[in-house]
Amino acid sequence: MVILGSTGSLGRQALELCRHFADRLQVVALGASGRRLAELAEQARTFRPELVAVTDPRAAEPLQRALQGLGGTRVAAGPRALVEAACHPDADLVMVLTQGLAGLEPTLEALELGRRVALANKEVLVAAGPLVAACGHVDGGRLLPVDSEHSALWQSLWGEQRAWVRRVWLTASGGPFWGWSEAELASVTPQQALQHPTWQMGPRITVDSATLMNKGFEVIEAHHLFGVAPEDIHVLIHRQSVVHCVVELADGSYKAQFSLPDMRLPLLLAMSFPERWPFPGASFLFDRPGSLWQLTLERPAQEPRSVRLARQSLRAGSTYPTVLVAADEVAVQAFLEGQLPFHRILDVVEQALDQHVPAPGPLTRQAVQWAQQWVQEQAPRWLEQARDSQKL
């Protein structure tokens with residue numbers, strides 16, 4: 001196995017599973033940004049991979065010093081380091097658990113080499129879905145979804161022909177601010193936004209859950225992963241985060257997947273597929289006699305603005321989904337740093353989509369990179385305008 005993003009929340013959980021299933025899983029490479037060097041070095045000492053990759057070239061020397069005496073472990077650093085890890089000759093499974101578009105090249109190159117890729121990186125599928133879909137298919141077992149909703153949808157579609165699927169429903173917790181008014185959202189702090197009611201996740205995805213932009217991303221992902229028409233992908237508010245998807249079949253039957261909100265479950269399924277291994281320390285919803293779970297599923301009166309923006313970018317195609325992802329990343333980071341009010345995050349995203357003029361021709365890796373760079377160049381102006389509108 002190769003684990004990219006090993007020092008993030010999902011990476012730590014993946015390594016926990018590797019530790020439990022040490023007789024079945026071998027880590028041959030680890031990859032990370034290099035921001036948490038001490039943790040990465042400790043992971044390398046524990047799992048003894050052949051390669052440790054960091055994207056920050058400045059991290060190479062201190063990491064090599066930290067790994068002195070660890071025979072057989074090599075350090076790679078720089079923009080192509082994660083690609084080198086993803087293409088490790090002994091890798092059967094590459095787990096892309098990174099955030100942001102840094103995961104794009106490793107994903108594409110691993111798929112082109114015929115590796116199985118377990119993908120948890122939303123940005124890769126949203127920004128470059130057609131490119132990823134051209135390299136690997138869920139049906140063929142080469143592209144394995146790790147997002148809880150898409151893992152659930154994957155499982156619910158096993159044995160079902162696409163012609164039998166009428167609609168699919170992705171569930172959303174609604175985040176900590178579901179039902180809040182615009183005036184209430186204006187005073188939201190980063191600390192409040194990071195208090196997700198059911199999941200423990202990294203800062204970016206937790207804020208995306210609060211704006212429901214993560215659900216917009218997931219609509220796009222589901223379309224590329226499973227070939228479901230965008231108009232047949234819908235969102236349900238499900239506060240308990242136990243039901244992860246619902247599939248409506250042509251004969252009026254429904255299938256749903258539900259489990260406790262624990263990301264180790266979709267991680268383990270991707271690791272063990274096509275088998276199912278026992279979940280370590282598993283607890284079931286109804287373990288205790290008299291257990292009562294009241295599960296609510298609510299279709300919003302209006303589709304959330306973030307999901308509408310995602311659908312808009314998907315319909316427009318080309319590099320619009322790339323701009324959606326890149327502008328959201330900029331706006332969320334500005335909010336976390338106290339530079340942008342919470343309720344202006346989607347204003348920045350919408351402005352980026354409105355002003356974008358894509359390059360002509362089909363979507364390419366170069367076009368994705370160009371659109372990302374364009375967002376970075378324009379973002380200071382959008383952020384300033386959003387802050388000015390807040391003062392009015």
Side-chain angles (χ1 to χ4, degrees), residues 5 7-9 32-36 55-56 58-59 98-103 121-124 126-127 173-178 180-197 199-217 304-310 312-313 319-356 368-392:
T7 58
S9 173
S33 64
R35 287 191 295 267
R36 301 187 183 100
T55 57
D56 185 352
R58 296 169 299 180
T98 59
Q99 290 186 358
L101 289 173
N121 183 306
K122 293 179 182 296
E123 293 88 351
V124 164
V126 174
S173 70
F177 312 125
W178 180 250
W180 283 35
S181 68
E182 183 77 9
E184 290 173 316
L185 292 175
S187 60
V188 163
T189 66
Q191 291 72 26
Q192 289 175 304
L194 294 176
Q195 298 302 311
H196 195 279
W199 290 97
Q200 295 295 320
M201 306 176 291
R204 163 81 187 282
I205 191 171
T206 303
V207 176
D208 280 342
S209 178
T211 64
L212 271 77
M213 180 56 81
N214 71 322
K215 216 50 54 178
F217 291 163
R305 180 187 178 193
S306 49
V307 178
R308 294 199 306 272
L309 290 173
Q312 172 188 329
S313 73
T319 46
Y320 280 98
T322 304
V323 170
L324 178 84
V325 164
D328 177 72
E329 183 173 13
V330 166
V332 168
Q333 187 60 40
F335 164 69
L336 290 171
E337 293 174 356
Q339 301 300 311
L340 184 71
F342 176 83
H343 69 311
R344 298 298 182 191
I345 291 175
L346 297 184
D347 291 349
V348 171
V349 175
E350 186 164 16
Q351 191 167 12
L353 292 173
D354 288 345
Q355 295 183 12
H356 183 55
V368 169
Q369 293 167 353
W370 168 80
Q372 185 184 24
Q373 181 62 37
W374 176 79
V375 169
Q376 293 293 328
E377 292 171 356
Q378 300 298 319
R381 179 167 54 85
W382 300 328
L383 293 172
E384 185 62 32
Q385 290 172 351
R387 287 191 291 266
D388 288 346
S389 66
Q390 174 73 7
K391 299 172 186 176
L392 296 178

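Note that the numbering runs from 1 along the sequence shown for the chain. The analysis underlying the following values was restricted to heavy atoms, covering all of them including side chains, and did not include hydrogens, waters or symmetry mates.
- Taking each heavy atom of L101 and T322 in turn, the nearest pair found is CD1-CG2, 4.2 Å.
- Distance NZ/K122 to CG/D328: 11.0 Å, rounded to 0.5 Å.
- Once rounded to the nearest 0.5 Å, the distance linking CH2 of W178 with OG of S209 reads 11.5 Å.
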Distance-only criterion, 3.5 Å: show the donor-acceptor pairs between side-chain atoms of residues 331-339 and protein atoms not counting sequence neighbours.
unit_1	atom_1	unit_2	atom_2	d
Q333	NE2	E337	OE2	2.9
Q339	NE2	E337	O	3.4

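- Judged as a side-chain hydrogen bond (donor to acceptor under 3.5 Å, both in side chains), and not counting sequence neighbours, the contacts of R381 are Q355, Q378.
- You'll find the side chain of E123 stays beyond 4.5 Å of the side chain of Q372, heavy atoms only.
- Residue Q312 comes nearest to L353 through the heavy atom pair NE2-CB, 3.9 Å, listed as atom of the first residue, atom of the second, then distance.
- The side-chain hydrogen bond (donor to acceptor under 3.5 Å, both in side chains) test applied to T98 returns N121, not counting sequence neighbours.
- Considering NZ of K215 and OG of S173, their distance stands at 7.0 Å, rounded to 0.5 Å.
- Note that CG of L383 is 10.5 Å distant from CD1 of I345, once rounded to the nearest 0.5 Å.
- Closest non-hydrogen pair, L212 versus P304, comes out as CD2-CG, 3.5 Å.
- Every side-chain hydrogen bond (donor to acceptor under 3.5 Å, both in side chains) that T319 has, sequence neighbours left out, goes to H356.
- When every heavy atom of A210 is checked against every heavy atom of A193, the shortest pair comes out as CB-O, 4.5 Å.
- The line from CG of L346 to OG of S306 is 5.5 Å long, rounded to the nearest 0.5 Å.
- Applying the ring pair (Phe, Tyr, Trp, His ring centres under 6.0 Å) rule to F177 yields the partners W180, F342; only residues at least two apart in sequence or on another chain are considered.
- Taking each heavy atom of V348 and A386 in turn, the nearest pair found is CG2-CB, 4.0 Å.
- Between P176 and Q192, the shortest heavy-atom contact is CG-O, 4.0 Å.
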Quick one: do D347 and R305 satisfy side-chain contact (heavy atoms from CB on, under 4.5 Å)? Show the steps, please.
CA-CA 10 Å; D347 291 349; R305 180 187 178 193; 2.9 Å; yes

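- Under the rule for a side-chain hydrogen bond (donor to acceptor under 3.5 Å, both in side chains), E329 has no partner lying at least two apart in sequence or in another chain.
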Test V330 against W382 for side-chain contact (heavy atoms from CB on, under 4.5 Å), laying out the working first.
CA-CA 10 Å; V330 166; W382 300 328; over 6 Å; no

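- We find the CD1-CE distance between I205 and M213 to be 13.0 Å, quoted to the nearest 0.5 Å.
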